[in-house]
Protein chains: 2
Amino acid sequence: MVKRTSFEGDSCPIARSLEAIGDWWSLLIIREALFGLRRFGEFQGKLGMAKNILATRLRALVDHGILKIAPASDGSAYSEYVLTPKGRGVFTVLVALRQWSEEFDDHPEEIATILVDRDKGRPVRKLELRAEDGRLLSVGETTLKARPAARARRRAG
Amino acid sequence: MVKRTSFEGDSCPIARSLEAIGDWWSLLIIREALFGLRRFGEFQGKLGMAKNILATRLRALVDHGILKIAPASDGSAYSEYVLTPKGRGVFTVLVALRQWSEEFDDHPEEIATILVDRDKGRPVRKLELRAEDGRLLSVGETTLKARPAARARRRAG
DNA sequence: CAATCAGGTTTCATTATGCAACCACTGGAG
DNA sequence: CTCCAGTGGTTGCATAATGAAACCTGATTG
């Protein structure tokens, strides 16, 4: 078997995320969906991708519970793809990617848009990682710990 | 040309990020690098990936300025791959992916580790998007605006 | 009910991925 | 210096994923 390694059973949450949204198009589709797109044709037109690929991706995203198929909205017999809460949860990931690009891209002048607070029209803050007590944390100030066994399926406590 | 679409010139910062780190292995390599790995063999052993793929990815990451090749560290004639600031900047993206998994994964009990504050050993907070004035923002409370032309290379201040 | 459109599927060529075998250079033992 | 294992790759080949374009089907329009 020379399959494209899957991380489905992997214990690393990052790998698990990548399993679902770790490919080129999926994140862009979700971006557009957050932006309000819903129809197959809208995605296809906006992203300019091949229809077969789009179809495959949409199906995968639905399977992963990131999109769900909703029946109507404009009364036609066609259906639409709408984000589930899980799908909307990807927003933070997209913001992180955006901000990384804004901060480190070699040609930031080519970036066309900025993310702003809708009310004030002002740019949003950078995402920050904080400790429980509010302290700002850098990479080096964090570490990984084994998950506390969760005492699943209780066996002698 | 039936190439694997590139987003190099794309004006969307998310697409631009994906161009650099939007594939399966790159993010995992960066994760390991943040964790302290530096040598080819370490990456290969830890990630269990094919050596040719690893070699390709490392080269791409170096080209993108995410890793750089450093000469020694233990005195041997071999070289090492170390993260640049740009590479360390990916940390936030990885945290976002991790937290997404923690929140929405269908089998969270399979996640083996948690990210903690090194000092206190307590879990970190969730990443939050805030407005300039500190208000917490959800997707719907944000919007995209055209970048203000930047008046680059100072022309009348 | 003919024409057209939305939403796909099929086909086929091109790339990328993955395993395994191979190769060059290091570093150490003798 | 020589041999040999270990490190850090490259090369070949098989398989899977991508992508463009043609094709098909049911819905909408006229």
Side-chain angles (χ1 to χ4, degrees), chain A residues 1-10 15 18-29 32-33 36-64 67-82, chain B residues 1-10 15 18-29 32-33 36-64 67-82:
Chain A
M1 186 164 68
V2 202
K3 285 195 65 165
R4 216 191 133 155
T5 13
S6 157
F7 295 114
E8 232 185 310
D10 201 292
L18 293 177
E19 179 71 25
I21 55 176
D23 82 277
W24 284 61
W25 293 114
S26 298
L27 281 168
L28 295 178
I29 291 170
E32 296 303 333
L37 301 199
R38 294 158 157 260
R39 300 280 286 256
F40 187 97
E42 291 180 322
F43 289 112
Q44 210 254 315
K46 194 79 193 299
L47 292 171
M49 64 194 293
K51 300 204 289 179
N52 51 351
I53 309 289
L54 177 56
T56 306
R57 287 289 171 279
L58 288 174
R59 212 175 306 136
L61 290 170
V62 169
D63 286 350
H64 277 102
L67 292 175
K68 67 171 184 295
I69 297 183
S73 143
D74 68 340
S76 77
Y78 297 114
S79 53
E80 299 183 337
Y81 297 90
V82 304
Chain B
M1 184 164 70
V2 203
K3 285 193 66 166
R4 222 198 127 146
T5 4
S6 158
F7 295 113
E8 234 184 308
D10 200 293
L18 293 177
E19 178 71 24
I21 55 176
D23 83 275
W24 285 59
W25 292 114
S26 298
L27 281 168
L28 295 177
I29 292 171
E32 296 305 333
L37 301 200
R38 294 157 157 260
R39 299 282 285 257
F40 187 98
E42 291 179 322
F43 289 111
Q44 210 255 316
K46 195 79 193 298
L47 293 171
M49 64 193 293
K51 300 203 289 179
N52 52 350
I53 309 288
L54 178 57
T56 307
R57 288 288 172 281
L58 288 173
R59 213 174 307 136
L61 289 170
V62 169
D63 286 350
H64 277 103
L67 293 175
K68 67 172 187 292
I69 297 183
S73 139
D74 67 340
S76 76
Y78 297 112
S79 52
E80 298 182 337
Y81 297 89
V82 304

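Chain letters run A, B, ... following the sequence lines, proteins first, then strands; residues in each count from 1. Side-chain atoms are counted along with the backbone in the values below, which use heavy atoms only and exclude waters and symmetry mates.
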With a 4.0 Å cutoff (strictly under), does any side-chain N or O of [X] reach OP1 or OP2 of [N]?
X	N	value
B:W25	C:dT17	no
A:R39	C:dA6	no
A:R57	D:dT18	yes
A:Y81	C:dA6	no

Do A:I29 and A:L37 have side-chain heavy atoms sitting under 4.5 Å apart?
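Counting from C-beta outward, A:I29 and A:L37 never come under 4.5 Å.
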Would you call A:D23 and A:R57 a side-chain contact if the rule is heavy atoms closer than 4.5 Å?
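In short, these two side chains touch, coming nearer than 4.5 Å.
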Grab the [atom1]-[atom2] distance between [X] and [N] for me, whole Å please.
X	N	atom1	atom2	result
B:D23	D:dT18	CG	P	12 Å
A:L47	D:dT18	CG	P	15 Å
A:M49	C:dG7	CE	C1'	14 Å
B:E42	D:dG6	CD	P	17 Å
B:Q44	C:dG18	CD	P	12 Å
B:R59	D:dG8	CZ	P	15 Å
B:L67	D:dG8	CG	P	14 Å
B:I53	D:dT11	CD1	C1'	13 Å

Not counting sequence neighbours, which residues clear side chain to side chain contact (heavy atoms under 4.5 Å, CB included) with B:A70? List them please.
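Residues passing side chain to side chain contact (heavy atoms under 4.5 Å, CB included) with B:A70: B:V82.
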Report the residues that fulfil side chain to side chain contact (heavy atoms under 4.5 Å, CB included) with A:T56, sequence neighbours left out, ordered by chain and then residue number.
none
If you measure from CD1 on B:I53 to CG on B:L58, what distance do you get to the nearest 0.5 Å?
11.5 Å
When rounded to the nearest 0.5 Å, the distance separating CG of B:L27 from CG of B:L61 is 9.0 Å
Please identify each residue that fulfils salt bridge (charged side-chain N to carboxylate O under 4.0 Å, His left out) with B:E80, with sequence neighbours left out.
B:R38
To the nearest 10 degrees, how far apart in direction are the end axes of the helix from C:dC1-D:dG30 to C:dG30-D:dC1, each fit to five base pairs?
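The end axes of the helix from C:dC1-D:dG30 to C:dG30-D:dC1 are about 20° apart, to the nearest 10°.
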If you look only at distance, which donor and acceptor atoms sit under 3.5 Å apart when one is on a side chain in residues 43-52 of chain B and the other is two or more places apart or in another chain?
| residue | atom | partner | partner atom | Å |
| --- | --- | --- | --- | --- |
| B:Q44 | NE2 | B:M49 | O | 2.9 |
| B:K46 | NZ | B:E32 | OE1 | 3.4 |

Looking at A:S79 and A:R39, what are the two nearest heavy atoms and their distance?
O-CD, 3.8 Å
Between the base of D:dG12 and the side chain of B:N52, is there a donor-acceptor distance below 3.5 Å?
yes
Counting primed atoms, P, OP1 and OP2 as sugar-phosphate and everything else as base, the B/S/- map of nucleotides 23-30 of chain D against protein heavy atoms under 4.0 Å is ---BSS--
